Amino acid sequence: MIRTVESEPHASPPVLAAYSYCEAVTGRQARNFAYGIRLLPTPQRRAMSALYAFSRRVDDIGDGALADDVKVARLEETRTLLSRIREGQVADDDTDPVAVALTHAAGHFPIPLGGLDELIDGVLMDVRGETYETWDDLKVYCRCVAGAIGRLSLGVFGTEPGARGVERAPEYADTLGLALQLTNILRDVREDAVGGRTYLPADDLAKFGCSAGFSGPRPPEGSDFAGLVHFEVRRARALFAEGYRLLPMLDRRSGACVAAMAGIYRRLLDRIERDPEAVLRGRVSLPGREKAYVAVRGLSGLDARHVTRRAVRRRT
């Protein structure tokens with residue numbers, strides 16, 4: 001059973017300052033994520049910001065302009081820092097605000113910090129330039145860089161006492177992370193190609209005549225790019241449907257947070273499905289008013305109730 005955290009943990013002034021730094025990083029660099037976590041109570045919101053700020057640091061190393069050997073060294077240094085955080089060896093007055101905030105969060109919430117080791121492993125896969133032959137291969141990467149974040153987040157959210165099937169909550173959190181990551185991969189297919197990265201499975205690309213890649217604003221000559229996108233959209237929708245089973249296991253505000261973040265990505269998926277070539281012309285995004293609507297819908301509990309009704313229908 002994953003315990004639910006109810007009380008607000010005490011935080012010293014240096015820790016509060018560290019959390020403020022992490023929240024500023026989150027608000028500046030993670031607009032979609034920030035829309036979701038603003039629905040959380042203060043302790044959970046701070047803890048999620050600390051998780052994001054640490055994850056952002058790892059991602060920035062992988063995406064930066066450093067030589068690959070330097071990136072590997074920096075990532076291993078970050079893994080060493082994570083070990084210090086896990087062992088509670090970072091003092092409140094440490095000069096690294098992200099480490100201070102995450103140490104405090106991990107001391108008050110049952111966060112499975114090994115998930116951040118998985119994230120580092122995933123970014124190392126990027127540094128090595130790995131490609132993926134099959135969906136099963138890509139899933140390994142997605143579980144490292146996104147599924148792990150779902151499981152880490154669940155440590156902050158906790159689960160509702162007595163929730164049905166709660167033992168599967170980490171599995172559903174992981175699957176929801178995969179859905180978000182596959183949506184990201186579709187949205188960023190051109191940007192990744194320009195950066196020399198290909199994430200979609202090679203056998204899917206070959207099936208739809210897209211093995212030549214996506215270096216320009218138009219699909220490869222003679223390819224069925226729309227067919228490829230629609231195929232991957234169906235895969236992402238199936239992952240969302242499975243991952244949404246997590247919602248009834250969460251309290252109202254945690255469920256609202258998850259529903260808001262997932263809802264934003266599902267709407268991105270809708271836009272990509274309607275106009276597949278849009279991802280080759282530029283970055284597909286939602287306007288702020290639409291994100292706000294999704295957040296309100298999540299807070300209302302509509303998505304959680306919808307998932308619960310579907311689960312009941314399956315059992316009857």
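Note that the structure is predicted; figures quoted are calculated from it, not measured. Quick note: residue numbers are just sequence positions, from 1.
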State whether [X] and [Y] are salt-bridged, where the test is any N-O pair (Lys NZ or Arg NE/NH1/NH2 against Asp/Glu carboxylate O) under 4.0 Å.
X: Glu242; Y: Arg245; answer: yes
X: Arg57; Y: Asp60; answer: no
X: Arg86; Y: Asp117; answer: yes
X: Asp188; Y: Arg283; answer: yes
X: Asp68; Y: Arg128; answer: no
X: Arg84; Y: Asp96; answer: no
X: Asp270; Y: Arg237; answer: yes
X: Arg151; Y: Glu118; answer: yes
X: Arg79; Y: Asp121; answer: yes

Can you see which heavy atom on [X] is nearest to which on [Y], and at what distance?
X: Pro97; Y: Cys22; result: O-SG, 4.2 Å
X: Val127; Y: Gly62; result: CG2-CA, 4.4 Å
X: Val100; Y: Pro14; result: CG1-O, 4.4 Å
X: Ala50; Y: Tyr19; result: CB-CE2, 4.2 Å
X: Ser49; Y: Ile37; result: OG-CD1, 3.5 Å
X: Gly115; Y: Leu152; result: C-CD1, 3.9 Å

Arg74 and Asp69: CA distance, side-chain angles, deciding distance, salt bridge (charged side-chain N to carboxylate O under 4.0 Å, His left out) verdict: CA-CA 9 Å; Arg74 293 280 180 89; Asp69 59 338; over 6 Å; no
Same cluster or not: are Leu40 and Leu16 linked, directly or through other Ile, Leu, Val, Met, Phe, Trp or Tyr residues, by side-chain heavy atoms under 4.5 angstrom apart? no
Give a yes or no on whether Leu182 and Phe231 share a hydrophobic cluster (residues Ile, Leu, Val, Met, Phe, Trp, Tyr; joining criterion: side-chain heavy atoms under 4.5 Å apart). yes
To the nearest 0.5 Å, how far apart are CE in Met48 and CD1 in Ile111? 9.0 Å
Does the pair Asp204 and Arg235 meet the rule for a salt bridge (charged side-chain N to carboxylate O under 4.0 Å, His left out), with working shown? CA-CA 12 Å; Asp204 292 353; Arg235 175 176 277 157; 2.9 Å; yes
Donor-acceptor pair between Asp126 and Tyr141 side chains, under 3.5 angstrom: yes
Asp203-Thr134 side chain donor-acceptor pair, cut-off 3.5 Å: no
Sub-3.5 Å donor-acceptor pair from the side chain of [X] to the main-chain atoms of [Y], do we have one?
X: Tyr52; Y: Gln29; result: yes
X: Arg56; Y: Val25; result: no
X: Ser223; Y: Pro220; result: yes

Between Phe225 and Phe214, does the ring centroid distance fall short of 6.0 Å? yes
